[in-house]
Q: 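Right, I'll just put the structure down here and ask away after.
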Amino acid sequence: MNSGAEYIFPIGRGHYESNYLLINTGENNWRWMFFAGAVPALAFFILLFFISQSPRWLVMVGKHDKAREVISRLNPGENIDAEMEEINQSINREIVHTKFFVLFRKPYLKVVLIGIIVGMLGALSGINTLMYYAPTIFKSVGFSDDSALFQTICMGATNLTFTIIGMSLIDRIGRKFLLMLGAIGMSVFLILISLSLKFEWFGSYALLAFIMGYQAVFASTMGVVIWVLLSEMFPNNIRARASSIGSFTNWIFNAALSFLFPVVIGFFGASAEGNKTGLGFVFAFYSIVTLISFFFYRKYLVETKGKSLEQLEMLVLK
């Protein structure tokens, strides 16, 4: 992009390689960067046709044979008859609620509020600000335009690698423990990032290391767990709508933070020193919120590891 225009808009999350390759394609290269996002979007759309339908939804609409087939394929060692019986009992216990106001009444209010806060805390960890505005952050500590975009490729590689690691850990050590571990690790790296930006106690490459460390911890913990948790923690008869609210909350806060980030940074002035001060305060805020999330997870979350959705329903509605 020309004349620093790449820093007006947040960089597309996951488009690091294509953005870097397109940086010298002319003054309208940002248009090609946006267009490049259509490729993975199209691939995602095609792959959706190969995803199995939920056995619980299939039972709700009367397709019992199809539900048994899905359970058999996804869980070869599962006792299909017992699983089907659990699903039927759970669905028959109460009707599937189609009104949103029901979610905010007993016995669902508490678990829905927990889901909303989980979605909110996921955004307030600062991950999307870091991912979207990474070039701005790197440039503020002395990296060139090309180098700043190149660092985002390292971030993308770190994100992919540690997401795979998190996927291998989530069923071994549990969702709740991973979230708590991640909250502690992320808050440490976030405060180090804040100190690096505000006081320049460390060099630019140390800042890069702290950002990669934060990225690694997030990807292997919160980045994996939150979306799994939001799909597991709600009773069957409100799961679709409650999960949607949790996800909606996450993206609303993500959008708000993405919009406010340059506004807050601008409040501290347009100079390089002002930018660093603003960045330092922003990441200090993220560190505090992420540390607070540790205590919330410890007190209010139910461990979902190794439990069926029907078993979890009994736990969360106690």
Side-chain angles (χ1 to χ4, degrees), residues 11-21 36-37 39-52 54 70 73-78 118-119 121-132 134 137-138 149-190 192-193 208-233 243 246-247 250-251 254 286 290 293-294 297 301 303-307 309:
I11 191 170
R13 183 174 181 176
H15 301 165
Y16 308 119
E17 294 83 358
S18 60
N19 287 345
Y20 181 71
L21 292 173
V39 177
L42 179 61
F44 181 77
F45 174 74
I46 294 172
L47 290 172
L48 285 175
F49 291 98
F50 299 93
I51 295 177
S52 297
S54 164
V70 172
R73 184 170 67 254
L74 297 181
N75 300 290
E78 189 77 28
V118 167
L121 291 174
L124 290 176
S125 68
I127 184 61
N128 288 305
T129 298
L130 187 60
M131 300 286 276
Y132 294 160
I137 296 168
F138 287 127
L149 277 179
F150 180 75
Q151 308 311 326
T152 63
I153 297 179
C154 299
M155 291 178 59
T158 300
N159 188 53
L160 174 61
T161 301
F162 282 88
T163 295
I164 294 172
I165 292 174
M167 290 168 60
S168 70
L169 293 176
I170 191 169
D171 285 324
R172 295 183 183 181
I173 63 178
R175 285 80 158 130
K176 183 175 180 177
F177 180 79
L178 267 183
L179 272 181
M180 292 169 58
L181 182 65
I184 294 295
M186 286 187 293
S187 63
V188 170
F189 279 114
L190 282 166
L192 288 173
I193 293 170
L208 176 61
F210 296 149
I211 290 176
M212 296 304 169
Y214 167 76
Q215 180 83 63
V217 175
F218 173 85
S220 58
T221 58
M222 188 179 289
V224 173
V225 175
I226 280 184
W227 302 108
V228 174
L229 196 64
L230 288 176
S231 69
E232 292 179 338
M233 64 183 291
S243 296
S247 178
N250 179 274
W251 287 108
N254 170 38
Y286 290 148
T290 304
S293 73
F294 167 85
Y297 298 145
L301 287 189
E303 179 56 69
T304 62
K305 172 192 171 186
K307 299 180 179 68
L309 297 179

Q: When the side chains of residues 181-190 are checked against the rest of the protein, which donor-acceptor pairs come out under 3.5 Å, sequence neighbours left out?
A:
from	atom 1	to	atom 2	distance (Å)
Ser187	OG	Ala183	O	3.1
Ser187	OG	Ile184	O	2.8

Q: Using every non-hydrogen atom in the two residues, find where Asn254 and Ala123 come nearest and quote the distance to one decimal.
A: N-CB, 3.8 Å
Q: Which heavy atom of Met212 sits nearest to which heavy atom of Cys154, and what is that distance?
A: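 That would be CE-CB, 3.2 Å.
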Q: Please round to the nearest 0.5 Å and tell me the distance separating atom OG of Ser220 and atom CZ of Phe218.
A: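 Atom-to-atom, Ser220:OG and Phe218:CZ are 10.0 Å apart.
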Q: Give the minimum heavy-atom separation between Val224 and Thr163, together with the two atoms involved.
A: CG2-O, 3.8 Å
Q: Could you go through Leu130 and Tyr286, starting from their C-alpha distance and side-chain angles, then the distance that decides it, and tell me whether this counts as side-chain contact (heavy atoms from CB on, under 4.5 Å)?
A: CA-CA 11 Å; Leu130 187 60; Tyr286 290 148; over 6 Å; no
Q: How long is the span from the CZ atom in Phe49 to the CG atom in Leu47, to the nearest 0.5 Å?
A: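 Going from CZ on Phe49 over to CG on Leu47, the span is 10.5 Å.
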Q: Looking only at heavy atoms, which two atoms of Gly122 and Met222 are closest? And how far apart?
A: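 Taking Gly122 first and Met222 second, the nearest heavy atoms are CA-SD, 3.8 Å.
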Q: Which pairs, with at least one residue in residues 153-167 and sequence neighbours excluded, count as a salt bridge (charged side-chain N to carboxylate O under 4.0 Å, His left out)?
A: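 Sorted pair list comes back empty.
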Q: Taking the side chain from Tyr214 and the backbone from Ile127, do they hold a donor-acceptor pair closer than 3.5 Å?
A: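 At least one qualifying donor-acceptor pair exists.
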Q: Please report, to 0.1 Å, the donor-acceptor pairs under 3.5 Å made by any side chain of residues 165-177, with sequence neighbours excluded.
A:
from	atom 1	to	atom 2	distance (Å)
Ser168	OG	Ile165	O	2.6
Asp171	OD1	Arg175	NH1	2.6
Asp171	OD1	Arg175	NH2	3.4
Arg172	NE	Ser168	O	3.3
Arg175	NE	Glu232	OE1	3.1
Arg175	NE	Thr304	OG1	3.0
Arg175	NH1	Ile170	O	3.2
Arg175	NH2	Glu232	OE2	2.7
Lys176	NZ	Arg298	O	3.0
Lys176	NZ	Leu301	O	3.1

Q: Under the side chain to side chain contact (heavy atoms under 4.5 Å, CB included) rule, collect the residues that match up with Ile164, sequence neighbours excluded.
A: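 Ile164 satisfies side chain to side chain contact (heavy atoms under 4.5 Å, CB included) with Leu160 only.
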Q: Looking at every non-hydrogen atom in both residues, tell me the closest pair between Leu179 and Ile226 and how far apart they are.
A: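 Heavy atoms of Leu179 and Ile226 come nearest at CD2-CG1, 4.2 Å.
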Q: Under the side chain to side chain contact (heavy atoms under 4.5 Å, CB included) rule, collect the residues that match up with Ser243, sequence neighbours excluded.
A: Phe234, Arg239
Q: Mind checking side chain to side chain contact (heavy atoms under 4.5 Å, CB included) for Ile51 and listing every partner two or more places apart, or none if nothing turns up?
A: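 Residues passing side chain to side chain contact (heavy atoms under 4.5 Å, CB included) with Ile51: Leu48.
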Q: Quick check: does any side chain N or O of Thr161 sit under 3.5 Å from a backbone N or O of Thr158, one acting as donor and the other as acceptor?
A: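 No, because the side chain of Thr161 does not come within donor-acceptor range (under 3.5 Å) of the backbone of Thr158.
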